[in-house]
There are 2 protein chains.
Amino acid sequence: MTQVKIKHDCKLELNDVALRATPARIAVMKFLENTTTPVDVQMIKNYLDKQNVSSDAATVFRIMNIFTEKGITRQISFNEGKFRYELASREDHHHLICKNCGKVEDFSYCAIPALEKDIQKKKGFLVTSHALEFYGLCESCKDRQN
Amino acid sequence: MTQVKIKHDCKLELNDVALRATPARIAVMKFLENTTTPVDVQMIKNYLDKQNVSSDAATVFRIMNIFTEKGITRQISFNEGKFRYELASREDHHHLICKNCGKVEDFSYCAIPALEKDIQKKKGFLVTSHALEFYGLCESCKDRQN
DNA sequence: ATAGCATATGCAATAGATTTGCAAGTAGTA
DNA sequence: TACTACTTGCAAATCTATTGCATATGCTAT
């Protein structure tokens, strides 16, 4: 009797980096694949709860730490006193963060890689990653003079 | 009899933004003026202790919050799970943060203002501030293959 | 399909960063 | 110099993140 099983999405990706494909990890990956803005641990936990995936904040922290170690995710800061995460595969974009409504837009910009080479040559500093975020007011908040 | 009093450095700067020039606030400003790398609350507290300026961590947090609100300092994150601060007057520079030894170098780069104008035109997003940090290995850590 | 084992998770406790309430102290003004 | 509003110190509370340990489970080799 064929039972509908958990689809093997993400399973191979996880196994590739020597991680077991647990329900929580799979759900977290799906969440990350379907969100356009970086999310924090609380948001991830809320999603898991809604999906009826048993979890615990400590587990989510552990998952995000190991995903980041394995290079699946990237840890970023919007200066909120906590971390956010996004898939590391989303390369070459930066964030426009509205300080009024909190909306986050992506912004592509390709001058950074060239700059990194320059830094390496001039300063001898080997850049392995970078963070570039712009803070301000999005179009609608700006227009409302809010 | 003329007594040596606390020099009025910083006093006017503080009063200008409607803040009282207290010993702790003055000492914090002096510390910030004399450090080249962004400092965290614990470092500030240590400095105040060494200077025999009575203080408390809660007070330092309050000082840094109000300094940041008033635009005296800038709050930045090196993804350490805590904030660092630097004088907002130190414009147009970014940081090269060594992940091995923790050394922080400044790096000047002036393409960002132009980019901000571009963002405003293309996205309608009004940029009021930004964060750009590079992580990697400084020259000596890199050479030691550490 | 299943046993065995290393890895993951849940839960509770802990650590560290930051905030807050409140009473007491103090800078700036008249 | 006295007054008042702003600041501070202290303790307690929050919040983010980490850790220890016993239990549960994914994965590999039968």
Side-chain angles (χ1 to χ4, degrees), chain A residues 1-3 5-29 38-46 48-49 51-70 72-73 75-85, chain B residues 5-29 38-46 48-49 52-70 72-73 75-85:
Chain A
M1 158 205 124
T2 355
Q3 197 190 315
K5 303 190 68 180
I6 296 169
K7 277 175 292 166
H8 273 201
D9 319 43
C10 313
K11 182 176 185 314
L12 296 180
E13 283 162 85
L14 288 168
N15 290 350
D16 272 356
V17 291
L19 292 183
R20 290 183 179 171
T22 67
R25 287 175 177 171
I26 291 168
V28 170
M29 287 204 69
V39 292
D40 63 37
V41 165
Q42 194 52 59
M43 292 164 163
I44 297 170
K45 177 76 173 72
N46 290 344
L48 295 179
D49 290 347
Q51 301 296 310
N52 276 33
V53 174
S54 152
S55 78
D56 179 87
T59 299
V60 179
F61 276 110
R62 275 188 282 230
I63 290 175
M64 297 326 293
N65 281 342
I66 204 157
F67 275 16
T68 303
E69 265 172 41
K70 299 289 188 177
I72 294 172
T73 54
Q75 189 183 50
I76 61 189
S77 166
F78 287 172
N79 269 32
E80 303 164 299
K82 66 187 172 188
F83 294 122
R84 289 185 179 236
Y85 301 86
Chain B
K5 304 189 66 179
I6 296 171
K7 278 175 293 166
H8 273 203
D9 321 42
C10 313
K11 183 177 185 315
L12 296 180
E13 283 163 84
L14 288 168
N15 290 350
D16 273 355
V17 290
L19 291 183
R20 291 185 180 172
T22 67
R25 286 175 178 172
I26 292 168
V28 170
M29 288 203 71
V39 292
D40 63 36
V41 165
Q42 194 52 59
M43 292 164 163
I44 297 170
K45 178 75 172 68
N46 289 345
L48 295 179
D49 289 347
N52 277 35
V53 174
S54 153
S55 78
D56 179 87
T59 299
V60 178
F61 276 109
R62 275 187 283 230
I63 290 175
M64 298 326 294
N65 280 343
I66 204 159
F67 276 16
T68 303
E69 266 172 41
K70 298 289 187 176
I72 294 173
T73 53
Q75 190 183 49
I76 61 190
S77 167
F78 288 171
N79 271 31
E80 303 165 299
K82 66 186 173 189
F83 293 123
R84 290 183 178 237
Y85 302 87

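Throughout, a chain's letter reflects where its sequence line sits, starting with A, and its residues are numbered from 1.
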Side chain of [X]: nearest nucleotide among [options]?
X       : options                : answer
B:Arg20 : C:dT18, D:dT8, D:dA5   : D:dA5
A:Arg25 : C:dA17, C:dA8, C:dG21  : C:dA8
B:Asn65 : D:dT19, C:dT19, D:dC10 : C:dT19
B:Ala21 : D:dA17, C:dG28, C:dT9  : C:dG28
A:Lys11 : D:dG9, D:dG20, D:dC27  : D:dC27
A:Pro23 : D:dT7, D:dG26, C:dT18  : D:dG26
B:Ala58 : C:dT20, D:dC27, C:dG10 : C:dT20
B:Phe61 : D:dC21, D:dT16, C:dT18 : C:dT18

Any luck finding a side-chain donor-acceptor pair between B:Gln42 and B:Asn46 under 3.5 Å?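 On atom types as modelled, these side chains qualify, holding a pair under 3.5 Å.
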Once you round it to whole Å, what is the distance between C1' of D:dC15 and CD of A:Gln42?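 Interatomic distance, CD of A:Gln42 to C1' of D:dC15: 10 Å.
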How would you label the contact of [X] with the nucleic acid (heavy atoms, under 4.0 Å): base, sugar-phosphate, or nothing?
X       : result
B:Ala57 : nothing
B:Thr22 : sugar-phosphate
B:Asp40 : nothing

Of the residues in residues 78-85 of chain A, which ones touch DNA chain D at a heavy-atom distance under 4.0 Å?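 Hits under 4.0 Å, by residue number: A:Gly81, A:Lys82, A:Phe83.
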With heavy-atom distances below 4.5 Å as the criterion, would you say the side chains of [X] and [Y] are in contact?
X       : Y       : value
A:Tyr85 : A:Asn65 : yes
A:Arg84 : A:Asp40 : yes
B:Thr73 : B:Met64 : yes

Under 4.0 Å between a side-chain N or O of B:Ser55 and OP1 or OP2 of D:dT8?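 No, no such contact exists.
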